[in-house]
4 protein chains.
Amino acid sequence: MAYNNDSDKVKEKKKSKREAIMNAVIMTVAQKGFHKTNISDIARAANVADGTVYLYFKSKDEMFIKAFEELATKKLKTIKQLIDTKQSALERLSSFFDYHIEIITENPYIARFIGVEIRQSPDFYEKYPSYQPFKEYISYLQQLIEEAKAEGDIRDVDAEAVSYIIFGTMDFILAEWAMKNQEFPLEDMKNKISDILQFGLMKRGEK
Amino acid sequence: MAYNNDSDKVKEKKKSKREAIMNAVIMTVAQKGFHKTNISDIARAANVADGTVYLYFKSKDEMFIKAFEELATKKLKTIKQLIDTKQSALERLSSFFDYHIEIITENPYIARFIGVEIRQSPDFYEKYPSYQPFKEYISYLQQLIEEAKAEGDIRDVDAEAVSYIIFGTMDFILAEWAMKNQEFPLEDMKNKISDILQFGLMKRGEK
Amino acid sequence: MAYNNDSDKVKEKKKSKREAIMNAVIMTVAQKGFHKTNISDIARAANVADGTVYLYFKSKDEMFIKAFEELATKKLKTIKQLIDTKQSALERLSSFFDYHIEIITENPYIARFIGVEIRQSPDFYEKYPSYQPFKEYISYLQQLIEEAKAEGDIRDVDAEAVSYIIFGTMDFILAEWAMKNQEFPLEDMKNKISDILQFGLMKRGEK
Amino acid sequence: MAYNNDSDKVKEKKKSKREAIMNAVIMTVAQKGFHKTNISDIARAANVADGTVYLYFKSKDEMFIKAFEELATKKLKTIKQLIDTKQSALERLSSFFDYHIEIITENPYIARFIGVEIRQSPDFYEKYPSYQPFKEYISYLQQLIEEAKAEGDIRDVDAEAVSYIIFGTMDFILAEWAMKNQEFPLEDMKNKISDILQFGLMKRGEK
DNA sequence: CATGAATGAGTCTTCATTCAT
DNA sequence: TATGAATGAAGACTCATTCAT
């Protein structure tokens, strides 16, 4: 049933090859580091020939950028769906923090990829000024913060500043955790940090 | 008189040449980015021959690591001296934050170097497991936090967690700031963040 | 009726496709130059798939050789027909020169193709020793010269030598003209050269 | 004596390496053809490492252009010196023709290089519009023709047209001769052509 | 016959490192 | 010590050719 349409079959095959390459990028970069990952590595990991990569991406750069973007977008979407059930914005904000860390924890190679490797190329920022991988994440965080403020759950803080604190902290501990090969218990650390941050946002006299 | 001691002259020359190379590393990396900086660039900037670099460092890697370490150590020492006059640990903690940002602001190339480029090579962490550029910074931060707790100025929080929040936040905004070519006003952002963080550490009912 | 003979249809299609490829070769090479022209370019210009090219030619080399040969043969045939009306061999010889240049002038891409690009591959001469694109041209020229001699219109010169002078000169000025993007007036130059050459072939005291 | 100056020694070594590469270019291109010659071939022929080529030339293109130019200039200079002793311009013109062919005959690989391969890259004419390898040759020929006219040795012909006839003819027969692996007797052909051309330039009633 | 996705050998170029001077 | 010419391994990318559909 699934394959009785040739057009579909072809499309799927093509899609799966592109996806295989995308996955190969993430896995390989996570393992070998951004700058030691070459086209041959990726091609081998994706089970395709070197040249095949260039059927799907114009250049190595473009391939990496696409991999970053698609991974970030996908993860953000997952998180959004997960926290969509929460009633208050504060809960959503707190859950955002939790889920982000949880997702990364379950796929440590993503931590390595996003948290450690993604910063590696100021080149990208020059060559592709529009390349702002965290932008969506940060915007969404700020939106949650504004909502929480509007709902009266947190005090009147600058949303941008708070978003940087939350994201910077998450980014840093995940990078450290990934770099140190997951030696320290992330769950514990996450809770401690979550407490402190929430405490800093709470209105006086509450709780 | 000046030239009657060859040994001294040589030693001094050597020292100054090594230093010239270290400075050249930082300046060049800051300008061209980590991965576009090659030995020839550095040698030219340091006014030495390519081969000379290898008289002072075993490899390019080692040279970069040493440059990172020495810069971090030097800056930490400067900060320590600056905040040594402060009476309370809380003040020192707050000043640490301020000075760190101030120093970086005045030397944006360091921001680029430390904040953006330093994370670039997970290789380093494998090849040179002892390479933990932030370690000293983080330890010192934790020490300040413990002192502030002991002095009763801040509530009983986990020092490690707090150090990660502070450092992660600083690291992130400086990287963003550097990456976006110093477009947004760092001073403003710093104050907002500082306020929020302090608020989160304060004891209830205080201030 | 139209479609009841599959064999014919197929043969015609095949023929027209082959011709489309041949034309595409000449046009594309004329535009992009020999070595920048690849199979994909040609296939696109001929409106066929890359693989289709290999149904009509064993290799890229063979395809180019066939294109050269067929173009040269076709043009020579055209010239022969045009000068067939002329009475004397000398007139035919002179007209040959004129028509050759005229044809090329009207299709500058051929000049580029024949005059500039055709010489590009000594490989061809090794791989395909029978590849002598000018041979037919030269032979025909020599034949005309012999006839003119027999008719007593020109003095007793070595036909081979004269054929080389005529062809070499034509070849060179057309190549220069094509390479310099048709900047200088070819008509003028042609007449001057034609005069000089005729003068050199004339019998003393004549005209 | 020759090597008692270090600076000289170094300069000579460097010069000899550059020259080795230049010679390797010409020899290798003559043997393998322009487009089948790669950097590795040249480096091997010059007894240097691939990378060494790039110490002397910015790119493969530049290397080829320099090789063309220097070879043409050198040969023209040699010819000029040889014909400088001749009294009349007509003799110089005739000798030019003779010597050009003689030089090429003695170094058939040059014929292949100049005559056959040099035309291979319309790219060059686009990328480097100033690249006109024959220009000097042609100009010098025209100068000789004008002088011969002024001296009354040849009739009043268009110097440009004549230069194209002479150069085109030489170019063509040398290319044919080189391409056919020196099968036919060049000396004979040269004399026949020389006669015809001189005849075409002579004044009526003369000789 | 026709397609065009896939292949992978081949090529230019860069650059960390060495070593003769 | 200092030099910088020389090395050659490595890597991104191209493209003629094949083959499953």
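Convention: sequence-line order gives letters A, B, ...; per-chain numbering from 1.
- Side-chain contact between C:Met63 and C:Tyr56 is absent, with no heavy-atom pair separated by less than 4.5 Å.
- With sequence neighbours excluded, the residues that form a salt bridge (Lys or Arg N to Asp or Glu O under 4.0 Å) with C:Lys58 are C:Glu62.
- Counting only Watson-Crick or G-U wobble pairs whose defining distances are both under 3.5 Å, the stems of 3 or more consecutive pairs in DNA chain E are E:2-21 with F:2-21.
- Listed nucleotides F:dA6, F:dA12, E:dA16 differ in distance to D:Lys17; the shortest reach to its side chain belongs to F:dA6.
- Residue whose closest nucleotide on DNA chain E sits further toward the 5' end, between D:Ser40 and A:Val53: A:Val53.
- Of all the residues in residues 42-52 of chain C, C:Gly51 reach under 4.0 Å from DNA chain F with at least one non-hydrogen atom.
- Considering every non-hydrogen atom in both D:Thr37 and D:Val29, the closest pair reads OG1-CA, 3.5 Å.
- Between the NZ atom of D:Lys60 and the P atom of F:dT14 there is a distance of 16 Å, given to the nearest Å.
- Looking at residues two or more places apart in sequence or on another chain, you find a side-chain contact (heavy atoms from CB on, under 4.5 Å) between A:Ala46 and A:Ala20, A:Ile21, A:Ala24, A:Val48.
- Atoms NZ (D:Lys58) and C1' (E:dT14) sit 16 Å apart, rounded to a whole Å.
- Remark: P of F:dT1 and CZ of B:Phe57 are 13 Å apart, rounded to the nearest angstrom.
- With contacts defined as side-chain heavy-atom distances shorter than 4.5 Å, the pair D:Ile42/D:Lys60 does not qualify.
- Checking E:dA16, E:dT3, E:dT11 against the side-chain heavy atoms of D:Asn38 singles out E:dT11 as nearest.
- When rounded to the nearest whole Å, the span between CD1 of A:Ile39 and P of F:dC13 equals 6 Å.
- The side chain of A:Leu55 sits closest to E:dT7 out of F:dA5, E:dT3, E:dT7.
- When all heavy atoms are compared, the tightest approach of B:Lys32 to B:Lys36 is O-CB, 3.3 Å.
- Interatomic distance, B:Lys17 NZ to B:Asn47 CG, rounded to the nearest 0.5 Å: 8.5 Å.
- The same atom, P, is picked in E:dC1 and in F:dT21; the two are 23 Å apart, to the nearest Å.
- Counting to the nearest Å, the P atom of F:dA12 and the CD atom of A:Glu62 are 15 Å from each other.
- Between B:Lys74 and B:Met22, the closest side-chain pair of non-hydrogen atoms is not below 4.5 Å.
- One can place CG of D:Asp41 at 12 Å from P of E:dG10, the figure rounded to the nearest angstrom.
- Listed nucleotides F:dA16, E:dA2, E:dT14 differ in distance to D:Tyr54; the shortest reach to its side chain belongs to E:dT14.
- The CZ atom of A:Arg18 sits 15 Å away from the P atom of E:dA5 (whole-angstrom rounding).
- Applying the side-chain contact (heavy atoms from CB on, under 4.5 Å) rule to D:Asn38 yields the partners D:Ser40, D:Asp41; only residues at least two apart in sequence or on another chain are considered.
- In this structure, A:Ile21 places its CD1 atom 13 Å from P of E:dA5, rounding to the nearest Å.
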